[in-house]
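Structure first, commentary second.
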Amino acid sequence: MNVISTDAKLDALKQVPQYKLQAISRLEKLLAMSGEEKRREIERKLAEQLKYAFRNSEYYRQHFGEAGITSEEQLSPDRFRDLPFITKADIRNAYPWKLLAGSMADVGRYAESTGTTGTPTSAYFSRNDWLENNVFVGYRLLDMFTPDDVVVIAAPYELSIPAQDLERIFEMIGPTTIACGVLNEVCNWDRLLHIIEHVKPTALVCSATRALLIAETAVQMGLDPVKDLSIRKILNIGETANQPKSKKISEVWGAEVYNAYGMTESCAMGISCKHGHIHLIQERYYFEVIDPVTKQPLPQGEVGELVITSLSNQSMPLIRYRTNDLVCISESGCPCGDRAPILEHYGRIGEEIRFEKEQVAISYPKLEEKILKCESYDKFFKVELDAESFEIIADLKPGYTIDQFRDEMKEQLPLSIHHRFTARTFTPYERARLLDGLKNSLKPFGKLFSQRTVQA
Ligand SMILES: [Zn+2]
């Protein structure tokens, strides 16, 4: 047993509120800054983070050393773009603790990726990192949630970050949370729907595909999500949600829809405003967009790979981390008044239909967006593809024919690949199987696209 004085114990308990107050005071200063002052502050934090990583992380000293950077002086911001990237593979190879900077005693959170796209990777945050993130995200979520809200969190808890992150934030800003999780025995689909029907929550946090799936399950149980259920706010996390998908979710639930962007390694990096734009949280990360092939920076407004650098991470600094996410970042002209740049997420690199001969590549989220834009399309779809062609199997609204859907899709697809595309509707068995598969998946979006099995 520890021998520790009463004063020391009380001081230990005061640490968390003190960290929070420090983060709030930093936020307050940033909010009072002009655009130019903020840009300079971000540059200062960037320089500080590079030096911190060099001083406190064996991993980064070695990593920079391999690129010929052997002293702190060589880490000046004007040479930032000479710094080598780190990739998902580097993070995987550093599993579990090689990226640790500073003291293990400072680490407050440890998480792992789901491993749906390979071997898991680890991520860790100091209490300071974690609480600062809570404060910066909480400030934004206050635009959406009030203490009167009762929020169902139907996102993974085990080993994960977003659900726990949001819980801590909700604790600060007031709503009641109900931790339902996903894919667990205690709160299965029946229990989740029972809670939504009887406890009467006002808000739902889950991935976009799951939001549609929960509504569809309610319909199959004879409930009308708009008339019979009370959810009027939905925050989508963990998956790309384009505008037509947000609109669809809004319609089926009769709810306002918001989106958050982030990853296990980073916590949240962007939150959407009431106009549906995801504004970047520039106070915690420095964002670059590069051409994934040449690795050269792209001008603002072009689609490329997102590269992030943390500005104040203590336990796991991320320096020029290639996220493997395709994005477009543009200046904010948003009527909400937030000057932070706007991010559009186009999915993960490699998750696309690609026909080399026609030089056409369409990311899965972009293809989904095209499907959802069709007037004839109703609720769920599945894309089956192989090297030569792709087929969209889709629900249609009553009164529409598959020919109408096919024509609407063709209008949106490049002419050169029309011969590679077919469309049809589900058989009842196929549709039931798809919904079952989605319900049993941690990341249902990926299940909407599948490679056709090649017949031997
Ligand atoms: Zn906005």
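Numbering of ligands and ligand atoms starts at 1, following listing order. Please read all numbers here as calculations on a predicted model, not as lab measurements.
- Taking Ser160 as the reference, nothing meets the side-chain hydrogen bond (donor to acceptor under 3.5 Å, both in side chains) condition, with sequence neighbours excluded.
- No donor-acceptor contact under 3.5 angstrom links the side chains of Tyr346 and Glu352, judged on distance only.
- Judged as a side-chain hydrogen bond (donor to acceptor under 3.5 Å, both in side chains), and not counting sequence neighbours, the contacts of Gln404 are Thr401.
- Residues Asp129 and Asn313 share a closest heavy-atom pair of OD1-CA, 3.4 Å.
- Listed by chain and residue number, the protein N/O/S atoms under 2.8 Å of the Zn ion (ligand 1) are Cys273 SG, His279 NE2, Cys334 SG, Cys336 SG, with waters left out.
- Tyr157 is linked by a ring pair (Phe, Tyr, Trp, His ring centres under 6.0 Å) to nothing, counting only residues two or more places apart in sequence or in another chain.
- For Phe380 and Phe426, the distance between ring centers is not under 6.0 angstrom.
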